[in-house]
Amino acid sequence: MLRGDRHSRLRGDRERNLRSRKQQLFAGLPREVVEIGPGVGANLRYLPSGSTLVAIEPNRYMHGRLIEAAQRRGVRLDLRERMAEQTDIADSSVDSVISSLVLCSVHDPVAVLAEVRRILRPGGTFRFLEHVVAAPGTPTRLAQRMLRRPWAWTFEGCSCERDLEQSVRAAGFATLTVERYRVHTPFLPFNTHIAGIARA
Ligand SMILES: C[S@@+](CC[C@H](N)C(=O)[O-])C[C@H]1O[C@@H](n2cnc3c(N)ncnc32)[C@H](O)[C@@H]1O
């Protein structure tokens with residue numbers, strides 16, 4: 001099987017696993033949302049038809065499928081080939097930023113979180129869902145340590161060892177709610193997740 005086919009099957013399984021969590025997290029989004037790292041549009045289904053997505057997606061190989069998916073879902077797409085570390089969006093101009101499974105892949109998660117905070121209006125929300133480092137001494141943590149290199153190679157630079165809960169806590173949002181949970185998948189390094197809402 002081609003690498004791309006395998007990835008899209010894995011993506012489908014992963015999305016089925018995360019669906020109810022995402023339904024809760026993304027409920028009631030405003031009609032204009034900024035998404036960092038939307039990929040091929042896994043989160044478009046959670047936006048109401050007729051809304052606008054400002055998509056910060058540096059990987060142009062994702063763009064064709066993202067554009068098609070947005071058309072299918074009736075979402076107006078404002079696609080920007082930029083890194084989330086520097087979005088070029090004005091200060092305090094955005095009501096809502098979303099992301100899923102992106103802070104594990106960005107070059108500098110601290111810079112991305114500072115950028116999200118910078119562009120949010122006071123009271124605006126950052127809703128996120130990420131896989132994170134497991135607790136020290138657990139079998140999952142051991143698997144993450146042992147598999148980190150093949151994991152990063154297979155999933156295009158993704159780290160399975162980031163303490164992203166700590167990164168979001170340290171980012172200086174006014175309020176933060178975070179929930180930790182496990183995803184049941186044979187991909188052990190991917191089992192430990194967080195989902196949350198940070199308010200600027
Ligand atoms: C694992 S994929 C997740 C895609 C999508 N959010 C999802 O849940 O299926 C990681 C995404 O982050 C994007 N990405 C990587 N580095 C980035 C950066 N510095 N700024 C914005 N997006 C980035 C990748 O191009 C890719 O689309």
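We count ligands from 1, going down the list as the structure has it; atoms in each ligand are counted the same way. Starting from 1, each residue takes its place in the sequence as its number. Given the structure is predicted, the values throughout are model-derived calculations rather than measurements.
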[X] neighbourhood, listing ligand 1 atoms whose heavy-atom distance to it stays under 4.0 Å:
X: Val102; answer: 6 (N), 12 (O)
X: Met62; answer: 27 (O)
X: Asn59; answer: 25 (O)
X: Ala42; answer: 7 (C), 9 (O)
X: Ser100; answer: 3 (C), 5 (C), 6 (N), 7 (C), 8 (O)

Between [X] and ligand 1, is there a nitrogen or oxygen pair with a distance under 3.5 Å?
X: Asn43; value: no
X: Ala84; value: yes
X: Pro58; value: no
X: Glu85; value: yes

Please state which protein non-hydrogen atom is closest to [atom] and give its distance, to 0.1 Å?
atom: atom 15 (C) of ligand 1; answer: Ser105 CB, 4.1 Å
atom: atom 26 (C) of ligand 1; answer: Glu57 OE1, 3.8 Å
atom: atom 4 (C) of ligand 1; answer: Gly37 O, 3.4 Å
atom: atom 16 (N) of ligand 1; answer: Val106 CA, 3.8 Å

### Message
Taking Arg45 first and then Glu15, would you say they form a salt bridge - that is, a charged N and a carboxylate O separated by under 4.0 Å?
### Response
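Answer for the salt bridge query: no.
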### Salt bridge flag under 4.0 Å for residues Arg80 and Glu57
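Here Arg80 does not pair with Glu57 in a salt bridge, since their nearest N and O are not under 4.0 Å apart.
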### Task
Verify the neighbour count for atom CD of Gln86: are there more than 12 heavy atoms of other residues, nucleotides or ligands below 6.0 Å?
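Open.
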### Query
Distance-only, no hydrogens or angles: does the Ser51 side chain make a donor-acceptor pair with backbone N or O of Leu47 under 3.5 Å?
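No.
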#### Entry: Flag, side chain of Glu130 to backbone of Val102, donor-acceptor distance under 3.5 Å
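Between the backbone of Val102 and the side chain of Glu130 there is a qualifying donor-acceptor contact (under 3.5 Å).
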#### Entry: Heavy-atom side-chain proximity of Arg162 to Leu103 below 4.5 angstrom
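They are not in side-chain contact.
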### Query
Does the side chain of Glu165 come within less than 4.5 Å of Arg180's, by heavy atoms?
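A side-chain contact under 4.5 Å exists here.
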### Query
Strictly under 4.0 Å, does any heavy atom of Leu101 approach an atom of ligand 1?
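The answer is yes: ligand 1 sits under 4.0 Å from a heavy atom of Leu101.
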### Message
Just to check, does Arg14 reach to within less than 4.0 Å of ligand 1 when the distance is taken from its heavy atoms?
### Response
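It does; at least one heavy atom falls under 4.0 Å.
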### Message
Using the ring-ring contact (aromatic ring centres under 6.0 Å, His included) criterion, which residues pair with Phe173? Sequence neighbours excluded.
### Response
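Applying ring-ring contact (aromatic ring centres under 6.0 Å, His included) to Phe173 gives none.
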### Message
According to salt bridge (Lys or Arg N to Asp or Glu O under 4.0 Å), does anything in residues 109-122 pair up with another residue at least two apart or in another chain? List the pairs.
### Response
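Pairs touching residues 109-122 that pass the test: Asp91-Arg118, Asp95-Arg121, Glu115-Arg118.
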### Query
With under 30° as parallel and over 60° as perpendicular, where do the rings of His131 and Phe190 fit, or are they tilted in between?
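Correct class here is tilted.
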